[in-house]
Amino acid sequence: MKNIIIVMAVLVLLTACVDNTAAERQTNQLTTEDTATTTEYKEGDNIPAIAYIEHNEVYNAESVIPPQCYTKTQGDKNPCYACHQTYKSQAHRPNTMNDGDLQGEYQFSDLGTKNHWKNLFVDRTELIKNISDDDIKKWIAEDNYAEFVDKFSQDPNWQGEVTPIENLAEPTKAFDSKGLAKDGSNWVAFNYKPFPSTFWPTNGSTGDAMIRLPKAFREKNGLFSVDVYFANLALVEMVMKETQLISMVPVSEIAIGEDIDGDGELLADTRHIKIRSHYLGDASQIALSELLYPENTEFLHTVRYIGVNEDNSIYNAQRMKEVRYMKKHSFKSKAELASEYYLESKEKHFENLPQVHLRGDKGVNSNMGWTLNGYIEDENGQLRHQNSQELAFCAGCHKTIGANLDQTFSFPRKVEGARGWGYINLANQEDAPNLGEENGEYLTYFQRVGGGDEFRQNKEMLSRWFKQDGSVDTNKVTKAQSVYELITPSAERALQLNKAYLTIVKEQSYIFGRDANLTAATNVLKQVDESQAPLSAEHRYQWDLRLNWQKISTQSKQATLD
């Protein structure tokens, strides 16, 4: 299947699949019995997900439409604004998708009007009742990353990337205080504010993100230079945030050989850098490009279970649900990107099914210069390469929606400057507002959405931050000491969510949805009526995913998300 362009435009089999009952689900026990190498295929409503995969049949040719797009908005509950935005007044912005109108109308293909994410409608309370707290704690504390790296590194037939970071399951061992990986891999972890609200721990997963710039950005005269590297990382941050001056971890201008803070001196210890036309070190011939990463920039993102400490505090568990990778394999100018966005808009206008360009082991070509790849747990918890149907899901967010910046989310949301280098720590972040906003981002999200998740079904968030009449308890939210306090679940909920997701792992039913719902969703459409506007005009919003970190205090908090 390598290097073949696959157009996911054919849907074979019946797509009118009804919800599976608990009796029809696979066992939810931690140990699975041996199964046959293939699953019996039967035409009908209750075809298991693995049957579609094994028989190479496409279940959902519109998997780029994420589950959240089927939320019942009731005309005034708007989670849509976090993805769908138009910035026609910002001519410099390379993202010209301009899909803010999707806040006001449904624009699905005929196939996309049916919600294929049927895992949303499964009540998992019965499925998880036999999984003990001790068993799930043992499960999430296992390191499945080291074995994953070893497996792919030693496979002579593997043609995709291999991204080893020693001790990644234990981040305090993997990274130094600046976020630089201790193993010499040159990955750098950064502290960023999780995107609303799928990536909040209270809604199912913890996670982290790392960046790695190309070799020339890490070296001077062919030799690694931590000073050059962190100065260039700061310049990339400035490019994505459109700032003129930023703080950075201490570097030596003497080692770099240039006055980067603009004070006319070469200092052994400088902590600020001014915007400039070109990068530093061996990348000095490469110009900065507004809101675009340099070619061959890489990102690594792990999606993890929710760890629960003995004191019931929450941390990033050792076990990973997914490992996601992005590489900017080709630099495209603003004009080239505009052409790609135009083609995408044209395809959507004519309600054509999306084209997903698969590159075998290497993942998915987004057509925007990026390669996307992903790995997910098999039924035994070992990380495996995602199949083509599972990978197509990635393009829904990292391709053509209006809100992202150069197809990314996390790095533009990095805690600004020197404080943002190091492994993610929700407890030293406050609820910074978005650019152009006055109130904290999460407070604003609560108010616009009417809940603590897109589906408004997270009862714990509703009881914590909302009044009985359904309005947000603004006073309580603004008194929260950190982001950690706002978006992490209780220990009880964390364990329940972990158990619910484990049942999906055992089913291998990711093409039916990856959201770890405890009960069946009620605020979700099964069929979209395109004649109905999802939101009234007064409940549509302009929004920038970047944060105004200058509007909050910089006090560090004691609790940490290790």
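Just so it is clear, the model here is predicted, and its values are computed rather than measured.
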Passing candidate, side chain to side chain contact (heavy atoms under 4.5 Å, CB included) with R456, options L462, T522, T71: T71

State whether the number of non-hydrogen atoms from other residues, nucleotides or ligands found under 6.0 Å of [X] atom [atom1] is greater than 12.
X: E310; atom1: CD; result: no
X: Q74; atom1: CD; result: yes
X: K173; atom1: NZ; result: no

Return yes if some donor-acceptor pair links the side-chain N/O of [X] with the main-chain N/O of [Y] below 3.5 Å, else return no.
X: Q103; Y: H84; result: yes
X: N365; Y: N367; result: yes
X: N144; Y: M320; result: yes
X: N203; Y: S197; result: yes
X: K328; Y: G369; result: no
X: N380; Y: Q382; result: no
X: Q85; Y: Y81; result: yes
X: S153; Y: V149; result: yes
X: D155; Y: K151; result: no
X: N458; Y: T202; result: yes

Basic-acidic side-chain contact under 4.0 Å: [X], [Y]:
X: K499; Y: D133; value: yes
X: E437; Y: R448; value: yes
X: D431; Y: K193; value: yes

Answer yes if the side chains of [X] and [Y] hold a donor-acceptor pair under 3.5 Å, and no otherwise.
X: E460; Y: S490; value: yes
X: Y305; Y: E377; value: yes
X: D183; Y: S185; value: yes
X: D143; Y: Q318; value: no
X: Y293; Y: T408; value: yes
X: Q389; Y: S63; value: no
X: Y315; Y: N309; value: no
X: N523; Y: Q457; value: no
X: T198; Y: Q68; value: yes

For the pair H385 and Y375, name the ring-plane relationship: parallel under 30°, tilted 30 to 60°, perpendicular over 60°. tilted

Taking the inter-plane angle between the rings of F148 and F152 on a 0 to 90° scale, is it parallel (under 30°), tilted (30 to 60°) or perpendicular (over 60°)? perpendicular

Which pair of non-hydrogen atoms, one from [X] and one from [Y], has the smallest distance, and what is that distance?
X: A174; Y: N167; answer: CB-O, 3.4 Å
X: Y484; Y: T488; answer: O-OG1, 2.6 Å
X: C83; Y: D99; answer: O-OD1, 4.1 Å
X: E298; Y: K327; answer: CG-CG, 3.9 Å
X: P412; Y: L545; answer: CB-CD1, 3.7 Å
X: F455; Y: P67; answer: CE2-O, 3.8 Å

Measuring only between side-chain heavy atoms, which start at C-beta, is [X] closer than 4.5 Å to [Y]?
X: E322; Y: Q386; value: yes
X: W543; Y: E441; value: yes
X: I314; Y: V308; value: yes
X: F121; Y: N115; value: yes
X: T371; Y: V364; value: no
X: K321; Y: S205; value: yes
X: T519; Y: T125; value: yes
X: V449; Y: E454; value: no

Does S132 form a side-chain hydrogen bond (donor to acceptor under 3.5 Å, both in side chains) with D134? I'd like the steps, not just the answer. CA-CA 5 Å; S132 72; D134 286 341; 5.5 Å; no

Rounded to the nearest 0.5 Å, what separation is found between the [atom1] atom of [X] and the [atom2] atom of [Y]?
X: I306; Y: Y501; atom1: CD1; atom2: OH; answer: 12.0 Å
X: D473; Y: L443; atom1: CG; atom2: CG; answer: 10.0 Å
X: F446; Y: D453; atom1: CZ; atom2: CG; answer: 10.0 Å
X: I211; Y: E237; atom1: CD1; atom2: CD; answer: 9.5 Å
X: L300; Y: W187; atom1: CG; atom2: CH2; answer: 5.0 Å
X: T163; Y: R324; atom1: OG1; atom2: CZ; answer: 14.0 Å

side-chain contact (heavy atoms from CB on, under 4.5 Å) between T297 and V236: does it pass, once the steps are laid out? CA-CA 10 Å; T297 297; V236 172; 5.9 Å; no

Centroid separation under 6.0 Å, is that true for the rings of W465 and Y442? no

Among F299, F409, W370, Y325, whose ring pair (Phe, Tyr, Trp, His ring centres under 6.0 Å) with H398 holds? F409

Name of the residue among F393, Y70, Y59 meeting ring pair (Phe, Tyr, Trp, His ring centres under 6.0 Å) with W117: F393

Walk me through whether S509 and K118 qualify under side-chain contact (heavy atoms from CB on, under 4.5 Å). CA-CA 10 Å; S509 61; K118 62 181 183 177; over 6 Å; no

Going through the checks in order, is the side-chain contact (heavy atoms from CB on, under 4.5 Å) test met by L120 and N517? CA-CA 7 Å; L120 289 173; N517 296 323; 3.2 Å; yes

After noting the C-alpha distance and the side-chain angles of E507 and N119, does the key distance pass the side-chain contact (heavy atoms from CB on, under 4.5 Å) rule? CA-CA 11 Å; E507 296 165 357; N119 272 347; 4.3 Å; yes

Could you go through N316 and D208, starting from their C-alpha distance and side-chain angles, then the distance that decides it, and tell me whether this counts as side-chain hydrogen bond (donor to acceptor under 3.5 Å, both in side chains)? CA-CA 8 Å; N316 283 15; D208 54 25; 4.6 Å; no

